Chemist: 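Have a look at the structure that comes next, please.
Both counts, for ligands and for their atoms, begin at 1 and track the order of listing. Since this is a predicted model, take the numbers as computed values, not measurements.
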Amino acid sequence: MASIDTYDFANKKVLIRVDFNVPLDKNDLRVTDDTRIKAAKKTIDHILEAGGSVILMTHLGRPKSKDDQQFSIKHIIEHTSKVLGRKVQFVDDCISEKSFEMSANLGKGEILMLENLRFYPEETKGDRVFAEKLAKHGDVYVNDAFGTAHRAHASTAIIADFFPEAKMFGFLIEAEIKSVDKVLNSTEKPLTAIVGGAKVSSKITIIEKLMDKVDYLIVGGGMAFTFVKAMGGKVGSSLVEDDYLETAKSILGKAKEKGVEIYIPVDAIIADKFDNDANRQEVDITKIPDGWMGLDVGTQTRKDCSAILEKSKLILWNGPMGVFEMPNFAGGTRVVAEKIADATANGAFSLIGGGDSVAAINQFNLSDKVSYVSTGGGAMLEYLEGLELPGIAAIRK
Ligand code: AMP
């Protein structure tokens, strides 16, 4: 397998699959969070400084067709250029004759960005012919899109076949793999996982997998209420997945068997509607009145989580503790973020993964106070679950 560290990029056209699937403002289509663009800078700089030219390809959102122009890459060109500190050329189709001409004529140190890959349904279908066309843009293929590494799409996996000798990971994927491996393989203890967010159903596999690894498992966010209800608590109109009550019970049982301390919140900040300005009160999480819903964890839960995090040596955080997007319900998530930062300052290794915990850690300006912030939520979870990611396997094979 080739390595980005040692490969000679001089005079090479380097086709990089990045993950610039960034959020855009609904009204003026400005980039509202450029974490993913910043994360690819190191790879791009390295290749350009080594004398190569760069062709960037990414998807953006979930367009149905080319007509969904709100998903055009043209909206992110200016911002990308600003982040990279370099001019970025743009072509309005990723496999047109014009696009091939532009990549062929690209000079040393220059950057061309292709139009949204998902304007072609062939991308997500993993179409071979489409992948082969994309491959014409470069002499070398670099995959630095960790966020889509769990998808067997044309540009993330299939395309690698057309670069048998010249395919490699970018620095971002390398770093992602290294930090997840550190959590999975380190023998340091205690290892604490905080799994929050909306639903048990989307996190169930990872919870079961983590059960074999972790010492403490903190359950937060909306999914905690399914556990509370499963244990016989009254959760009012909080988010609950009734189909998962048995699953929640079985997780609690397994935790006991395996000696994992599973922590379910004991109190909650409840609201009379799903609104930042709703009426609020703090109650025992098992006694939520009808018509009220839990939107954040309460004071005692914050204290308990802090105590666990203080003694943790490895920390994995996926999913917020509450509806952190609303300032009045962001407190629990903030405390967890701050305590992870404190533990990191005291020598713990902390990995933050999953779109919403990343958004939260950024919102609290703590992203540089933790060990690693993963850019790929779903991909990181699947890698943690021990699955082989197609984007990673395609480079390694
Ligand atoms: P996920 O993508 O599954 O990690 O879920 C993240 C989302 O869960 C965020 O948008 C939060 O606002 C939401 N969330 C967290 N806690 C709650 C809660 N108690 N009730 C409803 N939604 C929640």
Chemist: Has E49 got more than 12 heavy atoms of other residues, nucleotides or ligands less than 6.0 Å from its CD?
Modeler: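 Yes, CD of E49 has more than 12 neighbouring heavy atoms, counting only those of other groups under 6.0 Å.
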Chemist: Would you mind running through ligand 1 and noting each atom that sits below 4.0 Å from a heavy atom of F225?
Modeler: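 Checking each atom against F225, I get 19 (N).
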Chemist: Students should be able to answer this: which protein heavy-atom is nearest to atom 8 (O) of ligand 1, and at what distance?
Modeler: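 Ranked first by proximity to atom 8 (O) of ligand 1 is A198 N, 3.2 Å.
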Chemist: Answer side chain, backbone, both or neither: which part of V323 comes under 4.0 Å from ligand 1, heavy atoms only.
Modeler: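 Both the backbone and the side chain of V323 come within reach of ligand 1.
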Chemist: Testing K74, K98, K66 for salt bridge (charged side-chain N to carboxylate O under 4.0 Å, His left out) with D93, which one passes?
Modeler: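 So the option named by the test is K66.
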Chemist: Looking at every heavy atom in both A149 and L389, which two are closest together, and how far apart are they?
Modeler: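 Scanning both residues completely, I find the closest heavy atoms to be O-CB, 3.3 Å.
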Chemist: Would F329 count as a contact of ligand 1 if the rule is a heavy atom under 4.0 Å away?
Modeler: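 Judged by the 4.0 Å heavy-atom criterion, F329 does not count as contacting ligand 1.
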Chemist: Just go through A224, A359, G222 and tell me whose heavy atom is the nearest to atom 17 (C) of ligand 1.
Modeler: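 Selected option, by shortest heavy-atom distance: G222.
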Chemist: Is E325 touching ligand 1 with its side chain, its backbone, both, or neither, if touching means heavy atoms under 4.0 Å apart?
Modeler: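 The answer is the side chain.
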Chemist: Report yes or no: does a heavy atom of K203 sit under 4.0 Å from some atom of ligand 1?
Modeler: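 It does, in that a heavy atom of K203 comes within the 4.0 Å cut-off of ligand 1.
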Chemist: Do Q70 and K26 have side-chain N/O donor and acceptor atoms under 3.5 Å apart?
Modeler: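 Judged by distance alone, the side chains do not pair up.
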Chemist: Going by distance only, is there an N or O of D296 that falls short of 3.5 Å from an N or O of ligand 1?
Modeler: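 Min N/O separation from ligand 1 is not below 3.5 Å for D296.
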Chemist: Can we say E246 and K249 salt-bridge, meaning some charged N sits less than 4.0 Å from an Asp/Glu carboxylate O?
Modeler: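 The answer is yes: the pair qualifies as a salt bridge.
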Chemist: Kindly assign one of parallel, tilted or perpendicular to the pair Y141 and F163, based on the angle between their ring planes and the thresholds 30° and 60°.
Modeler: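 Judged by the thresholds at 30° and 60°, the geometry between Y141 and F163 is parallel.
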Chemist: Hey, which atoms in ligand 1 end up nearer than 4.0 Å to a heavy atom of G294?
Modeler: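 Matching atoms, with element in brackets: 18 (C), 19 (N), 20 (N).
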Chemist: Do F90 and L106 land in one hydrophobic cluster if side-chain heavy atoms of ILVMFWY residues count as linked below 4.5 Å?
Modeler: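 They do not share one cluster, since no chain of ILVMFWY contacts under 4.5 Å joins F90 to L106.
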Chemist: Number the atoms of ligand 1 from 1 as they appear, then name those within less than 4.0 Å of a heavy atom of G322, with their elements.
Modeler: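 Listed by number with element, the hits are 11 (C), 15 (C), 16 (N).
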Chemist: Quick one: nearest non-hydrogen protein atom to atom 6 (C) of ligand 1, plus distance?
Modeler: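 In this structure, atom 6 (C) of ligand 1 has D356 OD2, 3.0 Å as its nearest protein heavy atom.
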Chemist: How about F225 and F227: are their ring centres within less than 6.0 Å of each other?
Modeler: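 Centroid distance F225-F227: not below 6.0 Å, so no.
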